[in-house]
Chemist: 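Starting off with a structure, shown below.
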Amino acid sequence: MTSIPDHSPQGITSILDTDLYKLTMQCAVLRSYPEADCTYAFTNRTPDLKLTRRGFEWLQERVSELSNLHLTVDEANFLTEKCPYLPPAYIAYLTKFRFRPDEQLVLTFTLVDELSQYAQREEVEDGIPEDQEFGDLKIDVQGKWVETILYEIPLLVLVSECYFRFSNTDWDYTGQEEKAYNKGIKLLNNGCVFSEFGTRRRRSYHTQELVLRGLIRAQETYSQQNPNGGGKGALSGTSNVHFAHRFNLAPIGTVAHEWMMGIAALTGTYKSANETALWEWVSCFGKDLSVALTDTFGTPQFLQCFQKPCTLLSPPQTYAEVFTGVRQDSGDPTEFVKLMRRFYDSVGVKEKKTIVFSDSLDVEKCLEYKQTAEAHGFTTSFGVGTFLTNDFVHKGPKLQGKKSIPLNIVIKIASANGKPAIKISDNIGKNTGDKEEVKRVKVELGYEEKQWEEGDEMWRWGGKEK
């Protein structure tokens, strides 16, 4: 097969080229914390992998272009139709919203003297001139929370695209759609309900486009083989609102750690931050968007709040009753399933609940976690990301056929109104934020340190064996 050309535009061309939960959280922030200030910090969890100076200059140009984005009439109509939980006041706000990168962002490139052997394998031996300058990227974001909350996804998208345009270029698009199709067919044939979650670490816009074409085709094949709704598997949608609009899919998502992290920093009360976050969320969206994220400060601490009554409802119900399920995003999934089963049983919740798995999934993990969760009485759903939108192999003769390693990059809220914002997670590898504050909060919450053998973030997507 010949390589598939990429005719898609460079950079970000739609304000909806982001994950749904950034819009839902912006809506909630606008309602509850419109005057809060915050900062964000960028982390490369694969620090050996560097940008080039030419790539950094390209990145600066693409970031500057974010100021041109605005919500179109067609996009606003799509949100109104497909996301009825977003109130008209928010759609009106988003219509007027503009990024101001010149005021709110600082990008810094720091030259490094040499590359590690691992980085040289990925970045130099196949086509990158050895005299190219490589360096580390630093991104600082500062401004009103409600205004800066939308930077995370486009910045991550641009950094990943930059890396694979200028640093690691030993790959092409050959077979990407078919690969996604085969993954989709296997998930569907095994009864998995899943959505595409791969925006933040996609290799390029065109990659995500090919992946979604493959998954949609898989769904069509599966539906033809299982007429009259006979199959249990389903492609439920995509987290990317732009692609949901473009391909007429359901936009999928609820909330991210940022919501709990920001509230904890603003209130300074970590023991009740999850409860405050749950209350504010229900007050904004009611029983819509009711999949809870448990691990921001450790799942055991979250469950103490989850069993409390939601006073917004009459008659009152506990949050565990109100929410249709929970999302598992760190730590050992099997232990999480067992913990949630014990929890729901202990508080007398009889209704069947859903666990949404979203932590570094591939097909085999989806099938394994599905079996485990269903054996414990749960329904399941899966958000599959990097495994779909950044699954490539090297093409050059030295590494031909070996996995081309994705960047593992994140942007997290770092402070709110001058107070540090942190995440503890169910795995020490995903601790985020000021180290002293992390340590202090762990003591305050009586947090039990956890380390999962598959949770090494530096090697999460491969490369360690090389």
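For reference, positions follow the sequence shown, starting with 1. Computed over heavy atoms, backbone and side chain alike; hydrogens, waters and symmetry mates excluded. Worth saying up front: this structure is predicted, and the values here are computed from it rather than measured.
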Chemist: Does Lys419 come within less than 4.0 Å of Glu437, counting only side-chain N to carboxylate O?
Modeler: no

Chemist: Applying side-chain hydrogen bond (donor to acceptor under 3.5 Å, both in side chains), can you list everything that pairs with Glu364, at least two apart in sequence or on another chain?
Modeler: Lys186

Chemist: Under 3.5 Å, is there a donor-acceptor pair linking the side chains of Thr354 and Thr379?
Modeler: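 Their side chains do contain a donor-acceptor pair, which is all the 3.5 Å distance test asks for.
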
Chemist: Taking only residues two or more places apart in sequence, or in another chain, which ones meet Phe194 in a ring pair (Phe, Tyr, Trp, His ring centres under 6.0 Å)?
Modeler: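 Once residues adjacent in sequence are excluded, Phe194 has no partner under the ring pair (Phe, Tyr, Trp, His ring centres under 6.0 Å) criterion.
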
Chemist: Is the closest basic N to carboxylate O distance between Glu436 and Arg440 below 4.0 Å?
Modeler: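 Looking at Arg440 together with Glu436, the answer is no, because their closest N to O distance does not fall below 4.0 Å.
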
Chemist: Sequence neighbours left out, what pairs pass salt bridge (Lys or Arg N to Asp or Glu O under 4.0 Å) with at least one residue falling in residues 68-78?
Modeler: none

Chemist: Relative to Phe164, does Arg203 satisfy both conditions: NZ or CZ under 6.0 angstrom from the six-membered ring centre, and within 45 degrees of the ring's axis?
Modeler: yes

Chemist: For Asp102, enumerate each residue passing the salt bridge (charged side-chain N to carboxylate O under 4.0 Å, His left out) test, keeping only those at least two apart in sequence or located in another chain.
Modeler: none

Chemist: Charged N to carboxylate O below 4.0 Å: is that the case for Lys138 and Asp140?
Modeler: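 Yes.
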
Chemist: What residues form a side chain to side chain contact (heavy atoms under 4.5 Å, CB included) with Thr24, not counting sequence neighbours?
Modeler: Leu20, Tyr21, Tyr85, Leu86, Trp281, Phe285, Leu289

Chemist: Just verifying a value: how many Å separate Leu235 CG and Leu187 CG, rounded to the nearest 0.5 Å?
Modeler: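 These two atoms lie 9.5 Å from each other.
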
Chemist: Does anything in residues 105-115 pair up under salt bridge (Lys or Arg N to Asp or Glu O under 4.0 Å), and if so which pairs, sequence neighbours excluded?
Modeler: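 Counting only pairs at least two positions apart or across chains, no salt bridge (Lys or Arg N to Asp or Glu O under 4.0 Å) contact touches residues 105-115.
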
Chemist: Under the 6.0 Å and 45° cation-pi test, does Lys183 pair with Phe387?
Modeler: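 That pair qualifies as a cation-pi contact.
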
Chemist: Apply salt bridge (Lys or Arg N to Asp or Glu O under 4.0 Å) to Lys403 and Asp391, showing your working.
Modeler: CA-CA 8 Å; Lys403 185 172 181 62; Asp391 186 15; 3.3 Å; yes

Chemist: Please list, chain by chain and in numerical order, all residues satisfying side-chain hydrogen bond (donor to acceptor under 3.5 Å, both in side chains) with Asn77, sequence neighbours excluded.
Modeler: none

Chemist: Can you list everything that forms a ring pair (Phe, Tyr, Trp, His ring centres under 6.0 Å) with Tyr222? Sequence neighbours excluded, please.
Modeler: none

Chemist: Closer than 4.0 angstrom, basic N to acidic O: yes or no for Arg327 and Asp359?
Modeler: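 Salt bridge absent between Arg327 and Asp359.
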
Chemist: Can you tell me how far CG of Leu388 sits from CZ of Arg201, rounded to the nearest 0.5 angstrom?
Modeler: 13.0 Å

Chemist: Do we see a donor-acceptor contact under 3.5 Å between the side chains of Asn240 and Thr199?
Modeler: yes

Chemist: Can you list the residues that meet the side-chain hydrogen bond (donor to acceptor under 3.5 Å, both in side chains) rule with Thr43, with sequence neighbours excluded?
Modeler: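 Thr43 satisfies side-chain hydrogen bond (donor to acceptor under 3.5 Å, both in side chains) with no residue once adjacent residues are dropped.
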
Chemist: Could you tell me whether Glu147 and Arg98 have a side-chain N and a carboxylate O separated by less than 4.0 Å?
Modeler: no

Chemist: Listed by chain and number, what are the side-chain hydrogen bond (donor to acceptor under 3.5 Å, both in side chains) partners of Lys423, not counting sequence neighbours?
Modeler: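 Counting only residues at least two positions away or on another chain, Lys423 forms no side-chain hydrogen bond (donor to acceptor under 3.5 Å, both in side chains).
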
Chemist: Does some side-chain heavy atom of Phe247 sit less than 4.5 Å from a side-chain heavy atom of Arg213?
Modeler: yes

Chemist: Going by an N to O cut-off under 4.0 Å, is there a salt bridge joining Glu209 and Arg246?
Modeler: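 Arg246 and Glu209: salt-bridged.
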
Chemist: Which residues pass the salt bridge (charged side-chain N to carboxylate O under 4.0 Å, His left out) test with Lys412, not counting sequence neighbours?
Modeler: none

Chemist: Please say whether more than 12 non-hydrogen atoms of neighbouring residues, nucleotides or ligands are located less than 6.0 Å from CD in Gln371.
Modeler: no

Chemist: List for me each residue that meets ring pair (Phe, Tyr, Trp, His ring centres under 6.0 Å) alongside Phe302, sequence neighbours excluded, and say none if there are none.
Modeler: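 Applying ring pair (Phe, Tyr, Trp, His ring centres under 6.0 Å) to Phe302 gives Phe306.
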
